[in-house]
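Notes to accompany the following structure.
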Protein chains: 2
Amino acid sequence: MVQRRYHHGNLRAALLDQAQRTVRERGVAELSLRELAREVGVSHAAPRRHFPDRQALLDALAEAGFERLGTELRAAVASAGEGFEARLQATAAAYIRFAIGDAELLELMFAGKHRESAGTLVEAADRAFTVLFELIAQGQAEGALEPGDPERVGLVLFATVKGIAALVTGSMVAADQLDWLVPDAIAHFLRGSRMAAVQQN
Amino acid sequence: MVQRRYHHGNLRAALLDQAQRTVRERGVAELSLRELAREVGVSHAAPRRHFPDRQALLDALAEAGFERLGTELRAAVASAGEGFEARLQATAAAYIRFAIGDAELLELMFAGKHRESAGTLVEAADRAFTVLFELIAQGQAEGALEPGDPERVGLVLFATVKGIAALVTGSMVAADQLDWLVPDAIAHFLRGSRMAAVQQN
DNA sequence: ACCTGAACACCGTTCAAGT
DNA sequence: ACCTGAACACCGTTCAAGT
């Protein structure tokens with residue numbers, strides 16, 4: 001046991017790590033700073049050095065969440081070949097995997113974005129979403145999507161994917177239906193886009 | 001002041017009413033049974049007669065939410081003329097209005113659905129969504145939507161609307177963009193459906 | 001039937017004090 | 001620089017007791 005002087009500088013990381021697990025397994029409502037401190041082996045006041053209050057911990061959790069989400073989205077794009085639709089399918093699946101595996105964390109991430117202290121959190125979110133805009137741009141270049149601001153063109157598509165994830169976490173849809181629902185939804189969306197492209201020519 | 005014997009049978013209603021306001025104005029996390037009791041003028045143990053614990057209050061809140069959502073969706077359909085697309089637009093707008101005006105309540109409603117005690121809550125949800133399935137069926141009858149199980153055909157459409165609301169409450173989209181975003185998304189979806197209908201013939 | 005008041009275990013937050 | 005221990009106000013939940 002390396003109990004003595006365990007925390008030389010990783011208390012913050014240990015707290016975040018345990019907090020992330022608790023949020024995933026028992027939800028944000030069950031997350032208690034005192035219990036966290038107990039689990040990690042410090043006094044209940046120690047976390048205060050790293051997180052002034054509970055909200056600061058939640059913000060840090062959200063920020064770490066965006067970092068991880070970005071990483072997973074980039075990995076999905078990278079492992080899906082060159083074509084737009086394949087990449088889009090892989091990215092949507094990765095997003096939904098995250099949204100379902102860490103549903104409450106994702107809520108935290110988006111809830112945090114519209115609060116005052118959001119500065120660094122918004123930046124983390126932007127980094128995570130960059131890969132999506134690049135993907136949209138590729139779709140436009142291939143003629144699969146309407147031209148225009150990628151952020152605007154991708155919005156409805158993103159909303160659809162996000163909504164599907166919400167239906168699963170809200171148990172309106174069983175998780176095993178995702179296999180056809182997501183490809184279906186994306187194919188449906190792209191059909192609508194091709195129609196629009198035709199009409200614009 | 002009719003302070004004496006104020007609560008003859010409306011304590012439950014008074015608690016729910018005040019709770020709904022608090023959730024809307026300050027969020028679920030800020031909702032305290034003791035504060036609620038104080039605001040409504042009873043001792044902190046009185047609510048227990050009506051709601052055994054905090055979760056029971058949240059469930060009741062969710063159930064009342066579904067009742068109200070159903071009412072508003074039906075009103076939207078009724079006030080939108082006879083055509084499918086007009087009714088769909090009106091219904092989507094009503095849903096989004098609810099989702100934005102009572103974002104945390106809506107979370108509560110969907111979160112409650114996948115818990116054990118959900119019995120009566122699921123029924124309330126089903127009643128609220130009935131109007132949506134009827135609307136989908138009308139769309140199919142008019143040839144605007146693919147044939148098939150309305151619950152399945154409407155799923156992606158519902159996900160899109162729900163996702164758009166989530167983008168607004170997550171402040172990824174400004175509320176004033178809804179005016180074009182929602183009609184756009186629906187029109188886009190219907191384009192994709194018409195393509196599919198053509199291909200099936 | 002419905003409500004009160006005291007009690008218990010827990011929490012977030014603060015702060016003087018230790019090393 | 002980082003952590004501890006005591007203290008304060010608050011909370012959810014329980015329960016005997018009142019009317």
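Residue numbering restarts at 1 for every chain, and letters A, B, ... go by the order of the sequence lines.
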Open item on the list: Counting only side-chain heavy atoms from C-beta out, which of D/dC3, D/dT13, C/dC2 sits nearest to A/A46?
Closed with: D/dC3
- [ ] Look up atom OG in A/S193 and atom NE2 in A/H188, then write down how far apart they are to the nearest 0.5 Å.
- [x] 10.0 Å
Task: Candidates D/dT13, C/dC2, C/dT13 - which lies nearest the side chain of B/R49 - done: C/dC2
Open item on the list: Tell me if the side-chain of B/R34 makes a donor-acceptor pair with the base of D/dT13, cut-off 3.5 Å, by modelled atom types.
Closed with: yes
- [ ] May I ask you to say what B/S43 touches in the nucleic acid, namely base, sugar-phosphate or nothing, with a heavy-atom cut-off under 4.0 Å?
- [x] base
Open item on the list: Reading DNA chain C from 5' onward, which residue's closest nucleotide shows up sooner: A/P52 or A/R38?
Closed with: A/R38
Task: For atom CZ of A/R48 and atom P of C/dC11, their distance in whole Å - done: 17 Å
Open item on the list: Tell me which one of B/L132, B/V182, B/L106 satisfies side chain to side chain contact (heavy atoms under 4.5 Å, CB included) with B/Y95.
Closed with: B/L106
Open item on the list: Taking only side-chain N and O atoms of B/S32, does any of them lie within less than 4.0 angstrom of OP1 or OP2 on D/dG12?
Closed with: yes
TODO: Check every atom of C/dG12, D/dG12, D/dG5 against the side chain of A/H44 and return the nucleotide holding the closest atom.
DONE: D/dG5
Task: Pair of N/O donor and acceptor under 3.5 Å linking D/dG12 base with B/R54 side chain - done: no
Open item on the list: Please report the distance, rounded to the nearest Å, between CD in A/Q55 and P in C/dT13.
Closed with: 9 Å
TODO: Compare the minimum distances between each of C/dG5, D/dT4, D/dT13 and the side chain of A/V42, then state the nucleotide with the smallest one.
DONE: D/dT4
Open item on the list: Measure CG/B/L36 against C1'/D/dC10 and give the value in whole Å, please.
Closed with: 15 Å
- [ ] Could you tell me whether the side chain of B/V42 reaches within less than 4.5 Å of the side chain of B/R49, counting heavy atoms only?
- [x] no
- [ ] Please answer whether the main-chain N or O of A/V28 pairs with a side-chain N or O of A/E104 as donor and acceptor at a distance below 3.5 Å.
- [x] yes
Task: Whole angstrom value for the distance that separates C1' of D/dC3 from CG of A/L33 - done: 16 Å
- [ ] Identify the residue among A/R97, A/R68, A/R21 that makes a salt bridge (charged side-chain N to carboxylate O under 4.0 Å, His left out) with A/D102.
- [x] A/R68
Task: G-U wobble or Watson-Crick pairing nucleotide for D/dC11 (cut-off 3.5 Å, both distances) - done: none
- [ ] Could you check how far CD of B/E30 sits from P of C/dC11, rounded to whole Å?
- [x] 18 Å
TODO: Starting at atom CZ of A/R12, determine the distance to atom C1' of D/dA1, rounded to an integer number of angstrom.
DONE: 16 Å
Task: Any-strand Watson-Crick or G-U partner of C/dA16, both distances under 3.5 Å - done: D/dT4
Open item on the list: From the set C/dC3, D/dG12, C/dC11, return the single nucleotide nearest to any side-chain atom of A/E35.
Closed with: C/dC11
TODO: From the options D/dC3, C/dC3, D/dT4, select the nucleotide whose nearest atom is closest to the side chain of A/H50.
DONE: D/dC3
